[in-house]
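Let me begin by presenting the structure, written as structure tokens, before commenting on it.
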Amino acid sequence: NAGVTQTPKFQVLKTGQSMTLQCAQDMNHEYMSWYRQDPGMGLRLIHYSVGAGITDQGEVPNGYNVSRSTTEDFPLRLLSAAPSQTSVYFCASSPVFSANTGELFFGEGSRLTVL
Amino acid sequence: AQKVTQAQTEISVVEKEDVTLDCVYETRDTTYYLFWYKQPPSGELVFLIRRNSFDEQNEISGRYSWNFQKSTSSFNFTITASQVVDSAVYFCALSEPHFGNEKLTFGTGTRLTIIP
């Protein structure tokens, strides 16, 4: 039972570099989302998707791009990394009918450091 | 705008003591959902409970209990007879299920440490 799988778990980047955080789920969930977790800030929504081909911005979308070409995958792209993007990133999914009612299934997180 | 406040940043208690984690929320909607998630030291987030705004009944699940009071906009979480495995960061969250608003608003979390 893989659930939500995030890769890589750890990454160090230099300012200006680009990278993609991968997220895959095998539960056939329509809803997928990316959160970032920062000390004293809780979790904040970056982008979300309610199905293949549909994405939308969350609370803190600047500096991040997403796409949803398949139901299973929802990659998060940092085009030009900045130190302010140092954070722990969580991917989460759920059936779309419960997307607003909780029961999100979270990945294990990806810790990103931007120097 | 919705907001969740967890005023307790860190709490430490001795094992077997009871502990209550506070959560206060703000919302303009009459329909909303409240949640608690647990983040153990391993880092993953684990769903604990969901409560909708029309159900004010308290809930008990083993050593865990939740007290939902709309009059004070609070959704507090109590662990009785705490154990070391309860050590984690606990997040309270709020959702307003508007069409197109696919969002959970999380509090800043309370770090609970159970001292053996």
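Just so we're clear, the structure is a prediction, and the values are computed from it rather than from any experiment. A note on names: the letters A, B, ... follow the listed sequences, proteins ahead of strands, and every chain is numbered from 1.
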Return yes when atom [atom1] of [X] has more than 12 non-hydrogen atoms of other residues, nucleotides or ligands closer than 6.0 Å, and no otherwise.
X	atom1	value
B:Ile60	CD1	no
A:Glu108	CD	no
A:Phe10	CZ	no
B:Arg111	CZ	no
B:Lys70	NZ	yes
A:Arg44	CZ	yes

Does the side-chain contact (heavy atoms from CB on, under 4.5 Å) test come out yes or no for A:Leu45 and B:Thr105, once each step is laid out?
CA-CA 8 Å; A:Leu45 182 65; B:Thr105 297; over 6 Å; no
First locate atom [atom1] of [X], then atom [atom2] of [Y], and finally report the distance between them rounded to the nearest 0.5 Å.
X	Y	atom1	atom2	value
A:Glu59	B:Phe106	CD	CZ	11.0 Å
A:Gln37	B:Thr108	CD	OG1	10.5 Å
A:Leu43	B:Phe91	CG	CZ	5.0 Å

message = Does A:Phe106 form a side-chain contact (heavy atoms from CB on, under 4.5 Å) with B:Val46? I'd like the steps, not just the answer.
response = CA-CA 7 Å; A:Phe106 283 87; B:Val46 179; over 6 Å; no
Q: Under 4.5 Å heavy-atom distance to chain A, tell me which part of B:Gln6 shows up: side chain, backbone, both or neither.
A: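 The answer is neither part of B:Gln6.
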Practice prompt. Could you walk me through whether A:Leu104 and B:Phe47 pass the side-chain contact (heavy atoms from CB on, under 4.5 Å) test, one step at a time?
Written response: CA-CA 7 Å; A:Leu104 288 175; B:Phe47 169 82; over 6 Å; no
query: Given a strict heavy-atom distance threshold of 4.5 Å, which part of A:Phe105 is in contact with chain B: side chain, backbone, both, or neither?
result: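 When you check distances to chain B, no heavy atom of A:Phe105 falls under 4.5 Å.
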